[in-house]
Amino acid sequence: MTVALRRRPTRGTSFTMRRSDRLFSLLTTLGDHQLHRAEDLARAAGVSLRTLYRDIARLQASGVAITGTRGAGYRLTPTTVLPPLSLSQEEIEALQLALAVVLETTDPDLKAAATSLAQKIDAALPETAHPDTLDWQRVEHPFANAARGMAHLPVLRAAIRARQKLRIVYNADDGSLRTLVLHPLTLTHAARSWLLSGWNEANEKTETLRLDLIEDTHPLPELFTAPPAFQMD
């Protein structure tokens, strides 16, 4: 019979698990989503409670959804952790539009999830992703029908790129419809508020329009150049 002998550690060496391996093992243990006492986790890893608490803090700081306290124990919540993503402006717009639609749902759980996701996205967006104007902060959120403006997006985006004038029928503040010829210049969003800004040909002033209040958009066969002094009011 062959007996396997355990090699004695030489002076100055240790069989302590590497931190990366230890963290992976800790995640594997917590992967059952059950509550685990810190003492048991530390014993399994062969470390002190102090080291275990530091490991938990490292994982939490990296975005791993571990909940619990030192006295009650820890568990891994069934949350998906995504790696850092690089999104184009068009992808951000698509995501914001989708959230605008979901926020109109009557399902309280789905609406709460969409609200939480929207807050995370807004917190992660750089300041330059928001429009210079602060008009959107005075608009009731979410819009009564945020999805209405989606139908106008292809026309608006094409007109902005081509520098093409638009005839727009818009719901005015007094409830009436008004028609204006606009030189569309920017299309922006913030907190599910979609805004079209441009130059009103009639009064020669900047206009900022809510997309959900636009009734109709019609491209005109005339092109324009951006006014040199154009600035968001």
Side-chain angles (χ1 to χ4, degrees), residues 27 30-35 56 59-69 74-160 168-173 175 184-198 207-217 232:
L27 278 178
L30 294 172
D32 61 3
H33 306 300
Q34 302 300 313
L35 189 66
I56 292 290
L59 290 173
Q60 291 173 328
S62 67
V64 179
I66 297 177
T67 59
T69 60
Y74 297 95
R75 64 156 44 99
L76 180 65
T77 58
T79 301
T80 301
V81 179
L82 297 177
L85 299 176
S86 296
L87 301 179
S88 66
Q89 184 64 25
E90 290 76 12
E91 289 170 336
I92 293 176
E93 290 178 4
L95 185 56
Q96 295 276 13
L97 274 174
L99 283 173
V101 175
V102 178
L103 283 170
E104 302 300 332
T105 183
T106 57
D107 185 316
D109 293 335
L110 189 57
K111 189 170 185 177
T115 301
S116 175
L117 178 57
Q119 291 171 347
K120 292 178 181 179
I121 293 173
D122 288 342
L125 284 176
E127 291 297 325
T128 54
H130 297 276
D132 295 332
T133 178
L134 297 180
D135 290 345
W136 63 271
Q137 294 182 347
R138 297 189 289 272
V139 178
E140 181 182 357
H141 301 295
F143 289 154
N145 188 357
R148 289 188 60 194
M150 294 177 64
H152 303 300
L153 279 177
V155 173
L156 299 180
R157 291 166 64 87
I160 290 174
I168 295 177
V169 180
Y170 191 72
N171 285 285
D173 294 336
L185 295 169
T186 61
L187 185 61
T188 52
H189 64 81
R192 264 60 58 200
S193 303
W194 287 86
L195 305 173
L196 172 68
S197 295
E207 288 275 358
T208 300
L209 309 177
R210 281 174 45 180
L211 263 64
D212 64 312
L213 296 182
I214 294 178
E215 287 293 329
D216 185 51
T217 57
M232 303 278 284

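Annotation for Arg75 and His33: closest pair NE-O, 3.5 Å, computed over non-hydrogen atoms. Closest approach of Ile56 and Tyr74 over heavy atoms only: CG2-CE2, 3.7 Å.
Summarising the geometry, atom CD1 belonging to Ile160 is positioned 7.5 Å from atom CG belonging to Leu185; distances are rounded to the nearest 0.5 Å. Separating the CG atom in Leu27 from the CG atom in Leu76 is a distance of 6.5 Å, to the nearest 0.5 Å. How far OG1 of Thr217 is from CG of Leu196: 9.5 Å, rounded to the nearest 0.5 Å. Put simply, CG on Asp216 and NE2 on His152 are 7.0 Å apart, with the number rounded to the nearest 0.5 Å. Residue Leu156 holds its CG atom at 6.0 Å from CG of Leu153, rounded to the nearest 0.5 Å. Taken to the nearest 0.5 Å, the CZ atom of Arg210 stands 8.5 Å off from the CG atom of Leu195.
Legend: residues meeting side-chain hydrogen bond (donor to acceptor under 3.5 Å, both in side chains) with Arg157, ordered by chain and number and at least two apart, are Glu93.
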